Amino acid sequence: MLHFEIKYPLIDFHGIRIKERSNYDAIKSADIDIGDDCFIGNNCLILKGVKLGRGCVVAAGSVVTQSFEADSLIAGNPARLVRRIEQ
């Protein structure tokens, strides 16, 4: 379940160096993989390349910069594992 105001950029919008800013081949991208039965709270930012396993819960306002295994409760900026969820 996804709530409103979730941001999930799949690419770097521009390069840092001036020469890279208009070179679209230099812009890096990566998929975001959100497993089944995940719950993502409001105003989260999930960065490119992140994989969330099945049943993860992401607290509101979290900035997810790394991948997490299934049944993880994560929160914070940057998001950290709070605890494992027993299903």
Side-chain angles (χ1 to χ4, degrees):
M1 172 181 282
L2 301 175
H3 274 267
F4 300 106
E5 296 298 322
I6 297 170
K7 298 168 184 72
Y8 41 95
L10 300 176
I11 63 168
D12 293 335
F13 294 102
H14 57 77
I16 294 184
R17 294 179 187 87
I18 294 171
K19 292 180 182 179
E20 294 174 351
R21 290 183 189 160
S22 59
N23 180 0
Y24 295 106
D25 294 328
I27 297 174
K28 298 177 183 158
S29 68
D31 291 336
I32 296 171
D33 184 8
I34 299 175
D36 292 337
D37 301 319
C38 288
F39 181 91
I40 301 174
N42 285 335
N43 296 317
C44 289
L45 174 62
I46 301 173
L47 298 183
K48 67 180 183 190
V50 167
K51 292 181 171 64
L52 297 178
R54 180 184 175 104
C56 283
V57 175
V58 182
S62 296
V63 177
V64 185
T65 61
Q66 62 180 333
S67 298
F68 289 90
E69 296 180 8
D71 301 320
S72 296
L73 170 60
I74 59 176
N77 179 5
R80 305 255 188 243
L81 178 66
V82 175
R83 69 180 176 93
R84 303 282 298 171
I85 301 167
E86 298 296 326
Q87 298 294 344

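Since we're looking at a predicted model, the values are computed, not measured. Side chains are part of it too, since the values below use all heavy atoms of this structure and drop only hydrogens, waters and symmetry mates.
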Say you draw a straight line from [atom1] of [X] to [atom2] of [Y]; how long is it, rounded to the nearest 0.5 Å?
X   : Y   : atom1 : atom2 : result
D36 : R54 : CG    : CZ    : 5.0 Å
D33 : I46 : CG    : CD1   : 11.0 Å
I85 : S72 : CD1   : OG    : 7.0 Å

inquiry  = Take a 6.0 Å sphere around CD of E69 and say whether it holds more than 12 heavy atoms from other residues, nucleotides or ligands.
reply    = no
query = Has the side chain of S67 got a donor or acceptor atom that lies under 3.5 Å from a matching backbone atom of V50?
reply = no
ask   = Any ion pair linking R84 and D71 (charged N to carboxylate O, less than 4.0 Å)?
value = no
task = Kindly indicate whether the side chain of L52, heavy atoms from C-beta on, has any atom under 4.5 Å from the side chain of I74.
result = yes
Which heavy atom of [X] sits nearest to which heavy atom of [Y], and what is that distance?
X   : Y   : value
I32 : G49 : CG1-N, 4.2 Å
F68 : A79 : CZ-O, 3.5 Å
Q87 : G55 : NE2-O, 4.3 Å
A59 : C44 : O-SG, 3.2 Å

